[in-house]
2 protein chains.
Amino acid sequence: MDLDDRNKKVLQAVIDSYIASGSPIGSTVLVKRFDFGVSSATLRNIMADLEEMGYLTHPHTSAGRIPTDLGYRYYIDSLISVENDSDDIEEHLQQAPQLHGDDLQELMEEASRFLATLSHCAGVIVAPSESEAAYRHIEFVRLRGRQVLIIFVTSNGIVQNKLIDIDESIRQQDLNGFSAYLDEELEHRSLAEVRQQLTEKMKEEKLVFMQLMNETYRASQDVQERENEKVYIGGASQMLESPEFANVEKMRALFKAFEDKYKLLKLLDRSVSAQGIKVFIGSENPYFEMQGCSMVVGNYNAGSNVVGTLGVIGPTRMQYKQVIHVVDYTAKLLTKLLGERFQRGLDR
Amino acid sequence: MDLDDRNKKVLQAVIDSYIASGSPIGSTVLVKRFDFGVSSATLRNIMADLEEMGYLTHPHTSAGRIPTDLGYRYYIDSLISVENDSDDIEEHLQQAPQLHGDDLQELMEEASRFLATLSHCAGVIVAPSESEAAYRHIEFVRLRGRQVLIIFVTSNGIVQNKLIDIDESIRQQDLNGFSAYLDEELEHRSLAEVRQQLTEKMKEEKLVFMQLMNETYRASQDVQERENEKVYIGGASQMLESPEFANVEKMRALFKAFEDKYKLLKLLDRSVSAQGIKVFIGSENPYFEMQGCSMVVGNYNAGSNVVGTLGVIGPTRMQYKQVIHVVDYTAKLLTKLLGERFQRGLDR
DNA sequence: ATTAGCACTCGCCAAGATAGAGTGCTAATA
DNA sequence: TATTAGCACTCTATCTTGGCGAGTGCTAAT
């Protein structure tokens, strides 16, 4: 905002130092480590100004300064130069392990650990939202006795399966016929259309396949809802490394929060609206009651549509520059991998 | 072993009290809380004896007694009466939430949380070993471009899917034909037999479906191996409740250990040989370097064959009586549910 | 506007004091 | 011989105290 050049430099120096060391930064330390060409007394004045403006604070009277959430915000908005030394980080990322999960689920787990390892925070990934997948195929397989396995396949390779009981009089051949019929009727339709069609057909007909239709309906729902609700958390123990959580109460709260995946899901999903990386600092995040935590979130996609959210959660005092890079990199990586594997769009 | 009745009672009283309170038990406390008909001085003598025999120990000279691992072992082997007040526990369990996961994976996650909630420990479940599943059906679905989704179904309803690229010249009709051919050839065979058959066929033929066969082979392998390696951990934060882990270092070690699911898998799998609940106290477990932890493990199955392991991991000072019941109950519950849903055996 | 100097504040840490819990031993007792 | 009462002793946990060091904020000089 209205900071002059010198103030900016001091603020940056304080935050950088604090991020690196974790302990409050005093005027003398600053004078020693940086060359501002002024004395410690002047720095004290500057820091007092910055404190008055709300960017810094004091744990207690005779301690050094630490950044406030507002200070971090300013730091991230104005002081981080993403261009700077991004080469180092890029190089570092090159050496990162590769992802090679065979199926979607495995890939997600791997990627969440990947995020965690590189960022030293907990990595979180929300599974891609499948709202634009189209119907591709359905299969009914008779198992033992009354059991039938329904396999529902979407155009982007998501497979949903479900076990149900049906009348024994329906034979595998009948099932195959019905499956072919559904394929015929529903191919290339979006999941929403599929459900609409099914509802209509169920009204018209009064047939033996009623139950199967019903279950197909539910399967299409499940693909959209349940898959969409999956949250993968990797490397949560990374967070225990930072001294911020060397407190038993905080740890407990943290892990409780991580176990409530649904809340995390909502948190991440609501956090991101547009493309690009967003940073939420400490109290800025209304949905996450965890104190002293920041989130760096981004999107990944396949094709042109946004399909998923990913990010890291760590202490407010985190290496933002690096973490932002890591999240960005991972988002692009996932986008690329998903683009290759689960190519979206209708199959024509 | 060679403990007389009074010694047994004292040992039991000490361990019960220690489990309940968490702090060392002194002779006066014992005299107040129980009625042994002797004075505290006598109790001191008895406790000194028990210490000499290795069942109890001292944190320091002027503290009360706490059980050793050997003490716990004796407690579990000889002093716990499973019959006793099992009614209370049974009743308590009746009020437990029900499990209703739709697919296997969801059920496992739910069950692990179930274990954790009822035992106040971390719940761990190793997914059922599918070694005896038989081939049921294979399906190839063309997606966009070169992509083909392979869906492999076993007789007990496990679905494994995999995305591959193949030559565009192979049409969906061809795939259907090949699928029908494989179904014909492989139906009712065990997975081991399936692989054997495929290997032979691949030798004989030099056909366009080579790649598909190869992938089918790998899918059958994956069903056996990957599914088998899945470990579900629920409610790990439960463990943070106990004061034993109110130590940052221990917490870290604990969560690091939980993140290495593969190690946990081996640990649990090797721990259980036969039917029934087993208890591993502290240092008794060679694979788990975690200090101060005990495990209570059991089996669940579907039909007559052992298929999976489940258990809880908690502090050595845990409510063994209750936890053993919970593990037993959960094992039976899972066995029942799996019996209903994923009925095993060939489909005739 | 900057700087040097100085009094002051506060957290940290080690040392000492104290209280409390519990033991082990000894001598008395039934 | 087994049990008990009594007592000295040990060890921990907690509280207090005082010194140290880091760092600030203010004032007066430049």
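Each chain gets a letter, A, B and so on, in the order the sequences are listed, and its residues count up from 1.
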Tell me: CZ of B/Arg6 to C1' of D/dT1, nearest whole Å?
->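 Roughly 13 Å, once rounded to whole Å.
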Calculate the interatomic distance between A/His60 atom NE2 and D/dG23 atom C1'; express it in whole Å.
->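 Rounded to whole Å, this separation is 9 Å.
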Residue whose nearest DNA chain D nucleotide is more 5′ - B/Ser62 or A/Thr28 |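 It is B/Ser62, whose closest nucleotide lies nearer the 5' terminus.
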First and last nucleotide of DNA chain C, 5' to 3', lying under 4.0 Å from heavy atoms of chain A |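 Here the contact window of chain A covers C/dT2 to C/dG11.
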With a 3.5 angstrom cut-off on both distances, give the Watson-Crick or G-U wobble partner of C/dT3, or none if there isn't one.
->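 Answer to the pairing question: D/dA28, which forms a Watson-Crick or G-U pair with C/dT3.
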If C/dC13 has a Watson-Crick or G-U wobble mate with both distances under 3.5 Å, name it; if not, just say none.
->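 In the structure as shown, C/dC13 has D/dG18 as its Watson-Crick or wobble partner.
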Below 4.0 angstrom, N of the basic side chain to O of the carboxylate: do [X] and [Y] qualify?
| X | Y | answer |
| --- | --- | --- |
| B/Glu241 | A/Lys256 | yes |
| A/Arg73 | A/Asp77 | yes |
| A/Glu244 | A/Lys250 | no |

From B/Asp49, B/Leu11, B/Leu79, residue fulfilling side-chain contact (heavy atoms from CB on, under 4.5 Å) relative to B/Leu3 |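 Result: among B/Asp49, B/Leu11, B/Leu79, B/Leu11 is the only option passing the side-chain contact (heavy atoms from CB on, under 4.5 Å) with B/Leu3.
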A/Met251 to B/Leu240 - nearest heavy-atom pair and separation =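 Where A/Met251 meets B/Leu240 most closely, the heavy atoms are O-CD1, 4.3 Å.
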Can you check whether A/Ser27 has a side-chain N or O nearer than 4.0 Å to OP1 or OP2 of D/dG23?
->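 The answer is no; no side-chain N or O of A/Ser27 sits under 4.0 Å from OP1 or OP2.
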DNA chain C contacts among residues 38-49 of chain A, heavy-atom distance under 4.0 Å |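 Residues of residues 38-49 of chain A that come under 4.0 Å of DNA chain C are, in numerical order, A/Val38, A/Ser39, A/Ala41, A/Thr42, A/Arg44, A/Asn45.
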Enclosure of B/Asp4 CG (heavy-atom neighbours >12, cutoff 6.0 Å) |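 Above 12, so yes.
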Would you check if the distance from the ring center of B/Tyr320 to the ring center of B/Tyr72 is below 6.0 Å?
->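 Yes; B/Tyr72 has its ring centre under 6.0 Å from that of B/Tyr320.
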Residue pairs, two or more places apart or on separate chains, that pass ring-ring contact (aromatic ring centres under 6.0 Å, His included) and touch residues 233-256 of chain B |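 Listed by first then second residue: A/Phe255-B/Phe255.
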